[in-house]
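Values below: all heavy atoms of this structure, side chains included; hydrogens, waters and symmetry mates excluded. These numbers come from a predicted model, not from an experiment.
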Amino acid sequence: YLLGAVLLYGAYGTLDIALLAARIRVEPATLSAAALMTTGLLAKTALFPLHLWLPPAHAGAPAAASAILSGLVIKGSWFLVVRLWFDVLPGIVTLPSAQLLAGLGAGAILVGNVVALRQQRLKLLVAYSTVAQIGYLFLMFPLAFDAAGTFLERGAALDAGMLQAISHALAKAAMFMAAGIFYHALGHDRIADLAGAGRLLPVSLATFAVAGIALMGLPPGGAWVAKKLLLEAAASSGQWWWEVVLQAGGFLTASYVVLVLAFALRRAERPVELPKPAHRPVSRLAETAALALALVSLLLGFIATKSGMPDALSGAFSTKEIVWALIVFAGGAVLAAGLALRPLLPGGRSLAAIGRPSRQATAALGALLVRLDGALRQ
């Protein structure tokens with residue numbers, strides 16, 4: 001990033017954004033600076049495949065630190081990409097380069113969600129879901145170009161990206177806090193051993209579920225309004241493939257939410273024993289704060305009524321939206337059954353048991369993506 005800034009200063013004698021926007025032109029120094037600065041910021045944002053640092057950092061940090069890392073820190077570098085592309089280089093960057101960014105985002109959505117499903121620890125699952133959710137933030141770039149595909153415009157696509165970032169920040173902070181409360185209360189965050197946790201910590205499990213619904217892009221969440229805007233932009237520009245990615249992302253997000261709920265809502269074979277003497281009572285204030293963050297993300301659509309955004313109340317609870325939400329949950333359950341390491345139902349049964357070859361194929365796909373992620377991070 002700094003090397004790119006040096007190139008811009010050497011070429012134009014200023015680093016002031018407004019002055020650069022007026023002076024900048026297409027030339028090798030500008031293109032090199034744009035590539036260098038963007039790549040540096042993508043690494044800091046942990047966009048796939050530059051995400052090697054994020055899972056261990058977010059999963060290994062204390063829950064409160066993980067919430068800030070996921071909710072704020074990676075958003076800062078993403079926002080710098082937005083400022084760089086929209087304010088400094090709107091006429092320099094090209095539609096193919098924006099398609100490349102969105103393609104990396106699509107890869108993040110696929111790999112991040114599938115690898116999340118294959119994790120054994122709850123915090124690692126949430127960390128990999130952050131990798132996936134980062135991908136959504138880059139889908140707006142090709143959708144923000146003008147009709148001719150030559151200039152980035154401030155409009156509905158940019159509004160959608162900003163709203164998506166805020167919704168993600170709130171929901172993921174709530175998820176990490178809920179995961180931290182589970183670890184604090186149980187002494188572990190092993191997903192396979194969460195049976196009975198729903199009865200022991202109903203507020204924290206509700207927090208995880210509400211945050212998951214918000215991240216799926218279901219009404220009336222802010223992510224739902226953002227998704228609606230992006231779908232409209234994709235349809236109007238003829239970029240149908242991003243519509244497919246946006247819709248598929250909802251199913252993939254639902255899969256790991258269903259996975260955690262399926263294990264946490266199981267009846268424990270024996271009463272859940274809290275660790276002693278290390279166990280400390282769970283703070284009701286912490287649970288309430290986490291639930292409040294999740295609820296704000298879920299209800300953000302009600303206040304997303306500024307210019308350029310649709311009225312979030314319009315059609316949010318229509319029959320069509322309710323049916324689609326049920327379809328998303330059902331599709332997520334099928335994906336979780338096919339891709340997760342362990343069957344969703346107790347006794348070794350699985351929703352995918354009706355087709356052992358299908359289960360084997362999906363398990364092989366999951367294992368392949370896990371190996372791919374490991375190779376990239378190496």
Side-chain angles (χ1 to χ4, degrees), residues 54-74 116-117 119-133 167-216 221 253-300 336 340 342:
L54 188 149
H58 286 205
S66 298
I68 294 177
L69 285 171
S70 182
L72 295 178
V73 173
I74 60 174
L117 274 172
Q119 298 306 307
Q120 300 185 42
R121 290 181 49 212
L122 184 57
K123 281 195 71 178
L124 262 175
L125 180 149
V126 180
Y128 271 102
S129 79
T130 298
V131 173
Q133 294 295 322
S167 301
H168 172 267
L170 293 165
K172 290 315 296 287
M175 264 194 175
F176 269 116
M177 291 173 70
I181 290 171
F182 277 114
Y183 187 92
H184 177 84
L186 302 176
H188 70 84
D189 64 346
R190 296 185 300 274
I191 298 171
D193 296 330
L194 288 180
R199 179 173 296 183
L200 180 68
L201 298 166
V203 175
S204 292
L205 186 62
T207 297
F208 190 94
V210 171
I213 292 171
L215 291 175
M216 289 178 212
T253 302
S255 63
Y256 63 76
V257 176
V258 170
L259 176 74
V260 174
L261 294 179
F263 280 101
L265 291 175
R266 286 182 181 178
R267 184 182 296 275
E269 296 180 0
R270 57 181 182 275
V272 179
E273 296 182 1
L274 300 177
K276 295 178 181 180
H279 169 67
R280 291 176 293 173
V282 172
S283 167
R284 297 304 173 195
L285 178 60
E287 285 196 302
T288 303
L291 181 59
L293 286 173
L295 287 172
V296 171
S297 180
L298 184 61
L299 301 176
L300 195 60
R342 293 178 176 83

What I'd like to find out is whether the side chain of Tyr128 reaches to under 4.5 Å of the side chain of Leu117, using heavy atoms alone.
no
For Ser70 and Thr130 the tightest heavy-atom approach is OG-OG1, 3.2 Å
Phe182 and Leu122, any side-chain heavy atoms less than 4.5 Å apart
yes
Calculate, to the nearest 0.5 Å, the distance between atoms CZ and CG belonging to Arg266 and Leu261 respectively.
12.5 Å
Please name the pair of heavy atoms, one in Phe176 and one in Lys123, separated by the smallest distance, quoted to 0.1 Å.
CE2-O, 4.0 Å
Drop me the distance from Leu124's CG to Asp189's CG, to the nearest 0.5 angstrom.
7.5 Å
When rounded to the nearest 0.5 angstrom, what is the spacing between CG in Leu194 and CG in Leu200?
11.0 Å
If I take atom CG from residue Leu295 and atom CD1 from residue Ile213, how far apart are they, to the nearest 0.5 angstrom?
10.0 Å
I'd like to check Glu287 versus Leu201 (side-chain heavy atoms, cut-off strictly below 4.5 Å). Are they in contact?
yes
Side chains of Leu69 and Ile74, heavy atoms from C-beta outward: is any pair under 4.5 Å?
no
Any side-chain heavy atom of Gln120 sitting closer than 4.5 Å to one from Ile191?
no
Nearest heavy-atom approach of Ala127 to Leu54 is O-CD2, 3.3 Å
Counting heavy atoms not belonging to Arg199, are there more than 12 under 6.0 Å from its CZ?
no
Closest heavy-atom contact between Thr207 and Ala178?
CG2-CB, 4.1 Å
Measure the NE2-CD1 distance between His58 and Ile68 for me, rounded to the nearest 0.5 Å.
11.0 Å
Quick one: pull up CG in Leu215 and CG in Leu170 and give me the separation to the nearest 0.5 Å.
10.0 Å
Paired with Met175, the side chain to side chain contact (heavy atoms under 4.5 Å, CB included) test is passed by just one of Val260, Val126, Leu293, Leu125, namely Val126
Nearest heavy-atom approach of Met177 to Ala290 is CB-CB, 3.8 Å
Taking all non-hydrogen atoms of both residues, which atom of Gly212 and which atom of Thr253 are closest, and how far apart?
O-CG2, 4.3 Å
Between Lys172 and Ser129, is any side-chain donor less than 3.5 angstrom from a side-chain acceptor?
yes
